[in-house]
Visitor: 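Take this structure, written in structure tokens, and hold onto it; I'll ask about it next.
Numbers for residues simply follow the sequence, beginning at 1.
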Amino acid sequence: AAAGLCGGDFSDLREVKKQLLCVAERSRERGLQHSGKWASELAFALDPLPLSELPPPPALTEEDARDLDAYTLAKSYFDLKEYDRAAYFLRGCKSQKAYFLYMYSRYLSGEKKKDDETVDSLGPLEKGQVKNEALRELRVELSKKHKARELDGFGLYLYGVVLRKLDLGKEAIDVFVEATHVLPLHWGAWLELCNLITDKEMLKFLSLPDTWMKEFFLAHIYTELQLIEEALQKYQSLIDAGFSKSTYIISQIAVAYHNIRDIDKALSIFNELRKQDPYRIENMDTFSNLLYVRSMKPELSYLAHNLCEIDKYRVETCCVIGNYYSLRSQHEKAALYFQRALKLNPRYLGAWTLMGHEYMEMKNTSAAIQAYRHAIEVNKRDYRAWYGLGQTYEILKMPFYCLYYYRRAHQLRPNDSRMLVALGECYEKLNQLVEAKKCYWRAYAVGDVEKMALVKLAKLHEQLNESEQAAQCYIKYIQDIYSCGEIVEHLEVSTAFRYLAQYYFKCKLWDEASACAQKCCAFNDTREEGKALLRQILQLRNQGETSSTDIAAPFFLPASLSANNTPTRRVSPLNLSSVTP
């Protein structure tokens with residue numbers, strides 16, 4: 001099939017549809033189920049073609065005709081997962097299609113043996129170094145063909161996969177790029193590239209073919225690299241180009257929103273997706289993560305039962321059930337299901353990380369560390385695993401280790417306040433208070449999820465006797481809490497009011513001090529101190545000691561606690577009576 005339209009050109013959707021149908025058929029002939037499925041799903045989202053425009057079946061060469069019997073027989077064995085048997089009947093075949101199936105059968109046979117051995121020998125945690133024995137021979141044979149320029153797009157793809165499995169990442173990237181040039185329509189090669197590119201810099205140096213497939217690739221890699229804005233723009237332009245019905249794009253957009261923690265948006269898109277494609281299992285593990293974060297027990301329970309009915313031996317199903325048990329605090333059971341997921345697919349990233357979390361809950365730090373390390377082996381970009389490792393070493397009271405892992409997590413998610421707060425705590429433990437202050441301030445600046453950064457910052461200022469800054473942080477914190485509308489049960493609100501009351505008392509600002517002290521009386525833990533302070537203020541006032549103007553008050557409580565009131569260095573005095581805790 002011709003490479004077809006150039007980059008981002010979706011003017012002729014019929015041509016795109018033809019290309020998709022064609023490559024879906026060619027992928028299926030070679031046993032590449034996932035690429036075939038991807039192309040079919042995308043083609044399904046476009047309008048149907050009339051009979052006259054359907055792509056003709058690929059023309060057969062002399063070689064194809066000679067190998068046809070062997071190919072037909074072998075393909076039936078291949079479909080039944082009898083890989084060695086398929087390879088046996090394909091020996092000596094010369095045609096591209098039969099040769100690919102021959103090599104691919106040998107590769108899959110090695111993979112299957114490796115996975116069987118992994119499952120038989122040990123539980124997924126102590127995964128021994130089981131290797132796919134066929135890889136070395138395949139590499140030798142394929143590299144000869146590669147040098148002689150005898151590999152087609154599918155052959156190059158397989159050669160790249162073999163190189164990647166042998167940990168030859170650089171060579172693999174070159175081969176996959178070549179594969180996308182020779183056969184731009186094969187999604188498998190693009191997807192492999194996604195897994196090998198670890199940062200934006202690497203992406204810049206790739207010379208990729210200028211085809212409409214590149215748009216899908218870029219959107220996918222942006223999602224992986226946490227460049228969500230760019231990814232969502234790409235997906236939006238693909239939807240506008242005519243792919244609005246594509247379940248693949250809808251699910252990717254949901255995953256993108258999940259990655260930036262826009263939970264409501266992601267949930268609504270997933271619910272929409274389930275209406276359109278009710279028996280879908282892919283990405284449902286991500287959906288279950290969202291339900292878990294929101295503690296939506298009934299919905300998660302329904303999802304788990306539903307997927308169990310569809311196919312209970314799918315990794316995603318096992319993960320959803322694991323999440324369900326984890327939400328019910330049955331951590332042993334949850335870990336069991338994540339282990340089952342890994343028995344079904346040891347390369348399944350999500351399960352390693354989630355299993356690490358479960359071991360953390362069960363206080364089994366060494367097992368947790370092992371699980372997180374596996375997750376990172378599978379995908380170095382998994383910030384949750386780096387963050388998890390940081391947490392485990394924090395429990396083990398090894399702050400230098402923590403610092404390294406939290407830093408890695410922060411590099412992957414520069415705008416995630418949780419990583420910044422964790423980093424700040426580490427620096428604090430290591431007594432690097434200046435660094436800690438920077439982290440907390442940055443966490444506040446990027447939008448603090450847990451609303452704890454300002455309090456931690458204030459306490460640091462307190463330690464360093466920087467009372468003015470501490471007071472300022474507490475004021476900002478109180479503003480933040482009250483401006484978000486829902487008054488959360490925050491222990492630290494009382495701490496903030498107590499500090500401010502004492503601070504104003506020292507500054508002899510009796511009105512502000514008594515306003516804050518009254519606030520203290522509303523909280524159980526500061527009630528007595530508040531009352532004592534009010535009595536002191538009253539006594540001093542009665543002695544006629546009025547607020548002396550010669551003490552310059554650095555600033556006062558802000559004029560209102562509205563959300564749009566951003567605190568500045570000097571803030572006008574505040575009437576606190578409007579705020580009810």
Side-chain angles (χ1 to χ4, degrees), residues 198-201 223-228 258-263 289 292-293 326 338 349-461 463-464 473 477 480 492:
T198 46
D199 55 50
K200 211 172 172 179
E201 288 306 304
T223 312
E224 291 283 301
L225 294 174
Q226 308 290 345
L227 304 165
I228 305 296
H258 163 267
N259 286 0
I260 47 170
R261 299 187 73 71
D262 187 337
I263 297 176
N289 289 343
Y292 178 90
V293 171
S326 182
F338 294 134
L349 169 79
W352 284 117
T353 312
L354 292 168
M355 191 152 74
H357 296 343
E358 293 314 305
Y359 282 126
M360 284 275 285
E361 294 288 346
M362 291 164 8
K363 306 277 185 286
N364 184 347
T365 38
S366 61
I369 287 172
Q370 235 175 333
Y372 288 136
R373 285 196 189 290
H374 274 297
I376 288 166
E377 265 170 43
V378 180
N379 180 357
K380 290 207 165 37
R381 289 195 302 262
D382 183 22
Y383 75 95
R384 290 166 312 180
W386 291 108
Y387 185 64
L389 277 169
Q391 286 180 307
T392 41
Y393 282 112
E394 200 170 327
I395 289 171
L396 296 171
K397 300 214 175 2
M398 298 163 84
F400 276 110
Y401 277 49
C402 285
L403 197 59
Y404 170 73
Y405 293 116
Y406 283 144
R407 261 198 199 136
R408 292 296 296 256
H410 168 59
Q411 280 160 5
L412 292 165
R413 302 269 295 188
N415 290 336
D416 195 323
S417 61
R418 293 165 306 165
M419 317 295 152
L420 283 158
V421 170
L423 261 178
E425 286 172 346
C426 263
Y427 281 124
E428 216 175 314
K429 286 193 185 105
L430 295 166
N431 224 9
Q432 299 182 21
L433 301 184
V434 180
E435 293 298 323
K437 278 201 280 196
K438 278 186 205 158
C439 288
Y440 292 143
W441 180 249
R442 175 121 180 84
Y444 168 66
V446 297
D448 185 14
V449 188
E450 285 151 348
K451 302 241 183 288
M452 284 307 291
L454 283 174
V455 176
K456 291 184 184 297
L457 190 56
K459 287 185 174 164
L460 267 183
H461 285 308
Q463 270 182 30
L464 298 165
C473 288
Y477 168 69
D480 259 20
E492 301 296 344

Visitor: Please examine the side chains of Ile376 and Asp382, heavy atoms only from C-beta on, and report whether any two atoms are closer than 4.5 Å.
Guide: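 No - every pair of side-chain heavy atoms lies 4.5 Å or more apart.
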Visitor: Is a donor on one side and an acceptor on the other found under 3.5 Å between the side chain of Arg408 and the backbone of Gly390?
Guide: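 No, Arg408 side chain to Gly390 backbone: no donor-acceptor pair under 3.5 Å.
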Visitor: Any idea which heavy atoms bring Ala436 and Leu460 closest together, and the distance?
Guide: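 Looking at all heavy atoms of both residues, the closest pair is CB-CD1, 3.7 Å.
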Visitor: If I take atom CZ from residue Arg384 and atom CG from residue Leu354, how far apart are they, to the nearest 0.5 angstrom?
Guide: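 One finds 6.0 Å between CZ of Arg384 and CG of Leu354.
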Visitor: Out of Tyr387, Tyr372, Trp352, which residue meets the ring-ring contact (aromatic ring centres under 6.0 Å, His included) rule with His357?
Guide: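 Among Tyr387, Tyr372, Trp352, the one that satisfies the ring-ring contact (aromatic ring centres under 6.0 Å, His included) with His357 is Tyr372.
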Visitor: Working to the nearest 0.5 angstrom, can you tell me the gap between Lys456 NZ and Cys439 SG?
Guide: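 Answer rounded to 0.5 Å: 12.5 Å.
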Visitor: How long is the gap from CG on Leu389 to CE on Met360, to the nearest 0.5 Å?
Guide: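 One gets 9.5 Å once the value is rounded to the nearest 0.5 Å.
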Visitor: Show your reasoning for whether side chain to side chain contact (heavy atoms under 4.5 Å, CB included) applies to Arg407 and His410.
Guide: CA-CA 5 Å; Arg407 261 198 199 136; His410 168 59; 5.6 Å; no
Visitor: Are the side chains of Ile260 and Asn415 in touch, meaning some heavy atoms are under 4.5 Å apart?
Guide: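 Not in contact.
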Visitor: Can you give me the closest heavy-atom contact between Val421 and Ala453, atom names plus distance?
Guide: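 That closest heavy-atom pairing would be CG2-CB, 4.1 Å.
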Visitor: Does a side-chain heavy-atom distance below 4.5 Å link Tyr359 with Thr365?
Guide: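 Result no, sub-4.5 Å side-chain heavy-atom pair not found.
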Visitor: Starting from the C-alpha separation in whole Å, work towards a yes-or-no answer on side chain to side chain contact (heavy atoms under 4.5 Å, CB included) for Arg261 and Arg418.
Guide: CA-CA 12 Å; Arg261 299 187 73 71; Arg418 293 165 306 165; 3.4 Å; yes
Visitor: For side chain to side chain donor-acceptor pair (under 3.5 Å), just list the numbers for Thr223 and Asn259, CA-CA rounded to whole Å, side-chain angles, deciding distance to a tenth of an Å, and then say yes or no.
Guide: CA-CA 8 Å; Thr223 312; Asn259 286 0; over 6 Å; no
Visitor: Below 4.5 Å, heavy atoms only, C-beta onward: do Leu433 and Lys437 meet side chain to side chain?
Guide: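 Leu433 vs Lys437: side chains apart.
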Visitor: How long is the gap from CG on Asp416 to CD on Gln226, to the nearest 0.5 Å?
Guide: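 The CG atom of Asp416 sits 9.0 Å away from the CD atom of Gln226.
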Visitor: Can a donor-acceptor pair be found between the side chains of Tyr440 and Glu428 at a distance below 3.5 Å?
Guide: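 Note: Tyr440 and Glu428 side chains meet the donor-acceptor criterion.
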Visitor: For residues Leu225 and Leu412, determine if any side-chain heavy atom of one lies less than 4.5 Å from a side-chain heavy atom of the other.
Guide: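 No. Closest side-chain heavy atoms not under 4.5 Å.
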Visitor: Working note: Leu430 + Phe400, criterion side chain to side chain contact (heavy atoms under 4.5 Å, CB included); need CA distance, chi angles, decisive distance, verdict.
Guide: CA-CA 8 Å; Leu430 295 166; Phe400 276 110; 3.7 Å; yes
Visitor: Do you know the tightest heavy-atom contact between Pro414 and Leu420?
Guide: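 Minimum heavy-atom contact is O-CD1, 4.1 Å.
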Visitor: Apply the test side chain to side chain donor-acceptor pair (under 3.5 Å) to residues Tyr401 and Glu394: give CA-CA distance (whole Å), side-chain angles for both, the deciding distance (0.1 Å), then the verdict.
Guide: CA-CA 8 Å; Tyr401 277 49; Glu394 200 170 327; over 6 Å; no
Visitor: Find out whether Leu423 and Arg442 are in side-chain contact, i.e. whether some heavy atom of one side chain is under 4.5 Å from a heavy atom of the other.
Guide: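 Result no, sub-4.5 Å side-chain heavy-atom pair not found.
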Visitor: Nearest 0.5 Å, what's the SG-NZ distance between Cys402 and Lys429?
Guide: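 Answer rounded to 0.5 Å: 6.5 Å.
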Visitor: Find the distance between CD (Glu358) and OG1 (Thr353) and round it off to the nearest 0.5 Å.
Guide: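 Answer rounded to 0.5 Å: 12.0 Å.
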Visitor: Answer yes or no: is there a side-chain heavy-atom contact under 4.5 Å between Gln411 and Met419?
Guide: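 Side chain of Gln411 against side chain of Met419, heavy atoms only: no contact under 4.5 Å found.
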Visitor: Over all heavy atoms of both residues, which pair between Trp386 and Lys380 is shortest? Give the atoms and the distance, please.
Guide: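 Nearest pair, atom of Trp386 first, then Lys380: NE1-O, 2.9 Å.
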Visitor: Between Ala458 and Cys473, what is the shortest heavy-atom contact and its length?
Guide: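 Residues Ala458 and Cys473, closest heavy atoms: CB-CB, 3.6 Å.
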